[in-house]
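Everything on this sheet refers to the single structure shown next.
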Amino acid sequence: MAYDVIVVGSGPGGYPAAIRASQLGFKVAIIEKESLGGICLNWGCIPTKALLKSAEVMQYAQHSTNYGINVSGAEHDFGAVIKRSRGVADKMSKGVQFLMKKNKIDVIMGFGKLLSKGKVEVTAADGKKQVVEGKYIILATGARARNLPNLPIDGKKIIGYREAMSLPTQPKSMIVVGSGAIGSEFAYFYNTLGTKITLVEFLPKIVPVEDDDVSKELEKQFKKQGITVMTSSEVVSVDTKGNGVVAKVKTPTGEVTLEADILLSAVGIVANIEGIGLEENGIKTEKGKIVADKTQQTTLAGVYTIGDCAPGQALAHVATKEGILAAESIAYLEKKFAHQPEPIDYGNVPGCTYCDPQVASIGLTEKQAKDAGYELKIGKFPFIASGKASAAGATDGFVKVIFDAKYGEFLGAHMIGYNVTELIAEVSVARKLETTWHEILGAIHPHPTMSEAVKEATAAAYGEAIDI
Ligand SMILES: Cc1cc2nc3c(=O)[nH]c(=O)nc-3n(C[C@H](O)[C@H](O)[C@H](O)COP(=O)(O)OP(=O)(O)OC[C@H]3O[C@@H](n4cnc5c(N)ncnc54)[C@H](O)[C@@H]3O)c2cc1C
């Protein structure tokens, strides 16, 4: 065999898997059909955060007098905003190229298809084929935007996330369908730059996976910013024949017609599992994803799967963790790793949305905890009572923590406000260490920081809050 491990796909699942495998002493190749770094670095996490930073700077400029600073004539250059974001993505992709070289991983550009156990056929852009052999194969082919029949993405009038972050000109108005992380981030971005946004959500609340209190607060803040929010509403048809789009939307009070320059479909993703040799090799899929066991191995021994094409939350940090787990599981089989690596705890995965206010959460929502039969101790700390938030001029939002009343187990945390996507890591570590409320209160949090809100919310749950 030419290689010990072949990784198909170089996103935040694939490239860390390749690096970890190389660190563990394997000879590794990675196959990529498009750009190193996958969706995350090229069309997902990173370019969107670059766009959101531009929106944040614009917001600061617009509200600069609140801080005693006069900024006159603040204007944005949409082309320059897009160009900056694309530049950041390019730089990150080149960074992965450097990492592959540093870790002596062979990069093979082309479409990878599993021929049989240990064999991957790679078709290059010019159609040339080669077969690469390796003892273990990790499928990390990721996902793409979901295309609903009512909202067929044409890339011009009905767009997906790729077009939304690379439009040549800024639309004056946009309908955003779907209020998950992607829809909410784009709604905030475009609204801040002056596009008239209508956010349409099928479910009764926006950011539907979040705690009800967080969804309510985000809706309130979005409306304050001028975004029109329609929940329990479904786009039933879109007419793209005229200059813009005309969408018919079924709402709880009847059908309405919305007109806009463009419609962004942000209704989820589908895994890239077609044409990669799954059926031919009897590899099982379920609900559109490749079935994996607790070591990330598929139903065919020696073939592993990680990231968005595998079960588990479709998040970059989940993909990375799964990639490392797959590499270490292979190393354990090959006696290059001392113990069977620990399986992933999918109940302790933080989720973040980077609009303003930011949203971050981990563990059970209040409803999930109640439904699971726990008796609860819940504490909430509003940022209006935080010295740091007041100094930063960012007093909207709160931290809400949920503990099990019987043993003090930290069941979940739900945050909305300035910088909360940085605060959630504390709860992730705390829950990993099986920390109770007692240790959170016992740990000294620096003052003044937003992180004090985690401690104060915990104190509030037990009647010991100082600042509220
Ligand atoms: C707009 C947007 C914003 C996002 N923001 C965040 C965020 O802030 N935080 C977060 O955690 N997640 C975010 N995500 C999700 C995140 O991008 C994904 O969860 C993550 O990229 C999944 O990693 P992956 O390695 O499984 O797949 P991908 O990143 O999709 O990479 C798969 C790679 O495989 C390649 N490939 C596919 N098939 C083949 C083949 N047959 N042969 C060779 N190569 C192939 C693809 O070209 C791609 O490069 C965002 C997603 C989007 C769309």
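Computed over heavy atoms, backbone and side chain alike; hydrogens, waters and symmetry mates excluded. Atoms within a ligand are numbered from 1 in the order they appear, just like the ligands themselves.
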>> Using heavy-atom distances only, which candidate in A140, G9, G13 approaches atom 32 (C) of ligand 1 most closely?
In response: A140

> With respect to atom 38 (N) of ligand 1, which of T141, L41, L315, D308 exhibits the smallest heavy-atom separation?
Replying inline: T141

> What do you reckon, is CZ of F78 surrounded by more than 12 foreign heavy atoms closer than 6.0 Å?
Replying inline: yes

> In ligand 1, which numbered atoms sit nearer than 4.0 Å to a non-hydrogen atom of I31?
Replying inline: 43 (C), 44 (N)

>> Among E121, E280, E279, which residue satisfies the salt bridge (Lys or Arg N to Asp or Glu O under 4.0 Å) criterion with K113?
In response: E280

> Which option, I306, N272, I273, I182, owns the non-hydrogen atom nearest atom 51 (C) of ligand 1?
Replying inline: I182

> Which one holds for Y161 and ligand 1: side chain close, backbone close, both close, or neither close, with close meaning a heavy atom under 4.0 Å?
Replying inline: side chain

> So is K33 polar-close to ligand 1, meaning N/O to N/O under 3.5 Å?
Replying inline: yes

> Taking heavy atoms and a distance under 4.0 Å, where does A143 meet ligand 1: side chain, backbone, both or neither?
Replying inline: backbone

> What atoms of ligand 1 come within less than 4.0 Å of a heavy atom belonging to E34?
Replying inline: 47 (O)

> Please walk me through it: do E219 and K223 pass salt bridge (charged side-chain N to carboxylate O under 4.0 Å, His left out)?
Replying inline: CA-CA 6 Å; E219 182 169 340; K223 284 179 172 166; 2.7 Å; yes

> CG of L333 to OH of Y136: how many Å apart, nearest 0.5 Å?
Replying inline: 4.5 Å

> Considering only the protein, which heavy-atom contact is closest to atom 20 (C) of ligand 1, and what is its distance?
Replying inline: P12 CG, 3.6 Å

>> Check this for me: does any side-chain nitrogen of one of K156 and D154 sit under 4.0 Å from a carboxylate oxygen of the other?
In response: no

> So do the side chains of Q221 and I227 get within less than 4.5 Å of each other, counting heavy atoms only?
Replying inline: no

> Who's the nearest protein heavy-atom neighbour of atom 42 (N) of ligand 1, and how far?
Replying inline: G112 N, 2.8 Å

> atom 11 (O) of ligand 1: which protein heavy atom is closest, and how many Å away?
Replying inline: A316 N, 2.9 Å

> Does the side chain of V120 reach to within under 4.5 Å of the side chain of I108, using non-hydrogen atoms?
Replying inline: no

> Going by the atom numbers of ligand 1, which of them fall below 4.0 Å from some non-hydrogen atom of G307?
Replying inline: 26 (O)

>> A side-chain contact here means heavy atoms from C-beta on lying under 4.5 Å apart; do P446 and S451 qualify?
In response: yes

> Among G44, C45, G38, whose heavy atom sits nearest atom 16 (C) of ligand 1?
Replying inline: C45

> Between C309 and ligand 1, is there a nitrogen or oxygen pair with a distance under 3.5 Å?
Replying inline: no

>> Atom NZ of residue position K380 - does it have more than 12 heavy atoms of other residues, nucleotides or ligands inside 6.0 Å?
In response: yes

> More than 12 non-hydrogen atoms from neighbouring residues, nucleotides or ligands closer than 6.0 Å to NZ on K321, yes or no?
Replying inline: no

> Going by heavy atoms in the side chains, are L114 and L300 under 4.5 Å from each other?
Replying inline: yes

>> I'd like to check whether I39 has a polar contact with ligand 1, where a contact means an N/O of the residue lying under 3.5 Å from an N/O of the ligand.
In response: yes

> K49 to ligand 1: N or O pair under 3.5 Å?
Replying inline: yes

> Looking at ligand 1, does Y15 have a heavy atom less than 4.0 Å from it?
Replying inline: no

> Where's the contact between Y354 and ligand 1, heavy-atom distance under 4.0 Å: side chain, backbone, both or neither?
Replying inline: side chain

> Which ligand 1 atoms does G110 reach within 4.0 Å, using its non-hydrogen atoms?
Replying inline: 42 (N), 43 (C)

>> Quick check on contacts: which atoms of ligand 1 are under 4.0 angstrom from a heavy atom of S35?
In response: 49 (O)

>> Counting only heavy atoms not in E274 (residues, nucleotides, ligands), do more than 12 fall under 6.0 Å from its CD?
In response: yes

>> List ligand 1 atoms under 4.0 Å from V8, heavy atoms only on the residue side.
In response: 40 (C), 42 (N), 43 (C)

> Going by the atom numbers of ligand 1, which of them fall below 4.0 Å from some non-hydrogen atom of A314?
Replying inline: 15 (C), 19 (O)

>> Does ligand 1 come near enough to E32 that some N or O of the ligand is less than 3.5 Å from an N or O of the residue?
In response: yes

>> I need the atoms of ligand 1 closer than 4.0 Å to a non-hydrogen atom of C40, numbered in the order shown.
In response: 17 (O), 21 (O), 29 (O)

>> Among all the protein's non-hydrogen atoms, which is closest to atom 27 (O) of ligand 1, and how far away is it?
In response: G142 CA, 3.2 Å

> Taking Y188 as the fixed residue, which of Q225, Q358, Q59 is the one that meets the side chain to side chain donor-acceptor pair (under 3.5 Å) rule?
Replying inline: Q59

> Which of these, N419, I416, V420, sits in a side chain to side chain contact (heavy atoms under 4.5 Å, CB included) with F383?
Replying inline: V420

>> Taking NZ in K205 as the centre, count heavy atoms belonging to other residues, nucleotides or ligands within less than 6.0 Å. Is the count above 12?
In response: yes

